[in-house]
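Proteins get letters first, then strands, A, B, ... in listed order; numbering begins at 1 in each.
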There are 2 protein chains.
Amino acid sequence: MERSVFFISDGTAITAEVVGHAVLSQFPVSTTSYTLPFVESEARAIAVSEQINALYKQSGARPLVFYSIVSPVVRAIVENSAGFCQDVVQALVAPLQQELGLAPDPVAHRTHGLTATNLTKYDARIAAIDYTLAHDDGISLRNLDQAQIILLGVSRCGKTPTSIYLAMQYGIRAANYPFIADDMDNLRLPAALKPYHDKLFGLTIDPERLAAIRDERLNNSQYASLRQCRLEINEVQSLFRNHQIPFLNSTNHSVEEMATKIMDLLGLNRRMY
Amino acid sequence: MERSVFFISDGTAITAEVVGHAVLSQFPVSTTSYTLPFVESEARAIAVSEQINALYKQSGARPLVFYSIVSPVVRAIVENSAGFCQDVVQALVAPLQQELGLAPDPVAHRTHGLTATNLTKYDARIAAIDYTLAHDDGISLRNLDQAQIILLGVSRCGKTPTSIYLAMQYGIRAANYPFIADDMDNLRLPAALKPYHDKLFGLTIDPERLAAIRDERLNNSQYASLRQCRLEINEVQSLFRNHQIPFLNSTNHSVEEMATKIMDLLGLNRRMY
């Protein structure tokens, strides 16, 4: 049976979404999701509660509600809806309180909000995004000494999304450099990159998946042909091996997996929260 | 007392980080964090457990461990470390099992991994990132019919990070358009944007914060002067009001808050997971 799922919070509801998805991923159930952030007032909580109750009545299946709300009054309104309500954080607060010997002091917006305490880290994250965009796709090879990582790979193997994820989520200054078809006759590591060997990280991808991705962009082109994709991937992998550049295959991995794996392999620290 | 905190998972550890940070944000405790993703083998779990135990011995304070691991054998090794171990997902699984009348079937990498089921949504997210980068900062005013949102604002008010966050996290095709100093004498809504009034969303920012951000980029410039920032913000806010374009002030909000608030106000659906 199809279930409605609500992710509700007085903040962004990102925590409720992440936890809810992680829990739901363990069950073979198909769902329709509604995310309701910034439920901060009683009036909005009442409207939310009515929405949950109406969906229950209409579908006959009890909606699942993953929530995190600091105000006891607003929270109680949501909890008193007809949904199956689960606080996504509370279950871990009590044991931690005992371990730390400290009383919890919940404040709304602390997790994904901007405060005096996290402003410096936040500004560094925004600066990392600026840097990463300015050094996307080999646009600029200046200031590479400021890069924390330089991703290498052929066109459409996942360099840009991975770089941006690293910058956005973890405040990493990630440059990336593309090898293009014209490079393939005599593929070399550009001289501008050689001083930064410790920062170089290669991406590769299965030629079949690459051809499919490129075909979406340039249908039936030489660029998207399996033959061309095989050639480029082979050349680039040889270069990675010859220069002892670590590399990963992106075919079966999300940007989240690529980014966290690369940070783990290179031992990079997160700049976040 | 300073506490060490570990976020451990057989996948990206993003869920463990998000939950752990949300719980910890309720306590006045200062922490040093270690994220250990892809703990999939017994060998790595043993190494992790030894790292936790060594830190305990060295600091005298029991490390806090937020984890999510599917394999019972690997999980048990981490749970048997000397850390204060909290499974970030398990507490919600049992009640959900009862409500759904289904047995959980935990699979590693399901939350942030790439699978046959989520590949289409994933590709749409990547396409949204491509679109957003191609339509950043007014680079292209073509294909705006494909945009789901068009952010407007002065230079350095947060348009680019917000656009990229919308694309990366939620698969939203977000264009953005800058108003520059030369526009200010006679500020108008560009003709190319007028057909898309329903997609327009304005960003504004306090002049003092804007001046500080611009000064980081161009120290002591006219561009960064408080007078210039005030002028631009005033003109742009008038334009938003005259054209009935909804807008938000980014001064005290993170990109996470801006993005989720804008999606909520415009009623945009997430394309994720």
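- Side-chain contact check for B:Asp130 versus A:Arg156: some heavy-atom pair is nearer than 4.5 Å.
- Proximity to chain B (any heavy atom under 4.5 Å) is restricted, for A:Phe84, to the side chain, taken from C-beta onward.
- Of residues 91-98 of chain A, those residues lying under 4.5 Å from chain B by any heavy-atom pair are A:Ala91, A:Leu92, A:Val93, A:Pro95, A:Leu96, A:Gln97.
- A 4.5 Å side-chain heavy-atom check between B:Gln169 and A:Gln169 finds at least one atom pair inside the cut-off.
- For residues 85-104 of chain A, the salt bridge (Lys or Arg N to Asp or Glu O under 4.0 Å) pairs, not counting sequence neighbours, are A:Glu99-B:Arg3, A:Glu99-B:Arg62.
- Contact of A:Thr15 with chain B is made through backbone and side chain together, with heavy-atom distances under 4.5 Å.
- Closest approach of B:Glu257 to A:Phe38, counting heavy atoms only: O-CZ, 3.7 Å.
- The salt bridge (charged side-chain N to carboxylate O under 4.0 Å, His left out) test applied to A:Arg173 returns no partner, not counting sequence neighbours.
- For B:Ile213, no part lies under 4.5 angstrom from a heavy atom of chain A.
- For A:Ser163, the side chain to side chain donor-acceptor pair (under 3.5 Å) test picks out A:Asn176, with sequence neighbours left out.
- For the pair A:Leu133/B:Leu133, a side-chain contact is recorded, criterion being any heavy-atom separation below 4.5 Å from C-beta on.
- When side chains are defined from C-beta on, A:Thr35 does not count as touching B:Thr260, because their heavy atoms never get closer than 4.5 Å.
- By number of non-hydrogen pairs under 4.5 angstrom with chain A, the leading residue of B:Ile129, B:Leu102, B:Leu64, B:Val88 is B:Leu102.
- Interface remark: B:Ile164 contributes backbone and side-chain atoms alike to the contact with chain A (heavy atom separation under 4.5 Å).
- At a threshold of 4.5 Å between non-hydrogen side-chain atoms, the residues B:His253 and A:Leu114 do not count as touching.
- When heavy atoms are compared at a cutoff of 4.5 Å, B:Ala103 approaches chain A solely by way of its backbone atoms N, CA, C and O.
- Listed for the B:Ser254 side chain is a donor-acceptor partner under 3.5 Å among the backbone atoms of A:His112.
- Across every non-hydrogen atom of A:Pro106 and B:Gln26, the tightest pair is CB-OE1, 3.6 Å.
- Between chain A and the residues B:Asp136, B:Thr251, B:Val255, B:Leu36, the largest count of heavy-atom pairs under 4.5 Å involves B:Val255.
- Contact annotation: the side chain of B:Asp123 never approaches that of A:Glu216 to less than 4.5 Å [non-hydrogen atoms, C-beta and beyond].
- If you measure heavy-atom distances from B:Ser68 to chain A, you find no contacts under 4.5 Å at all.
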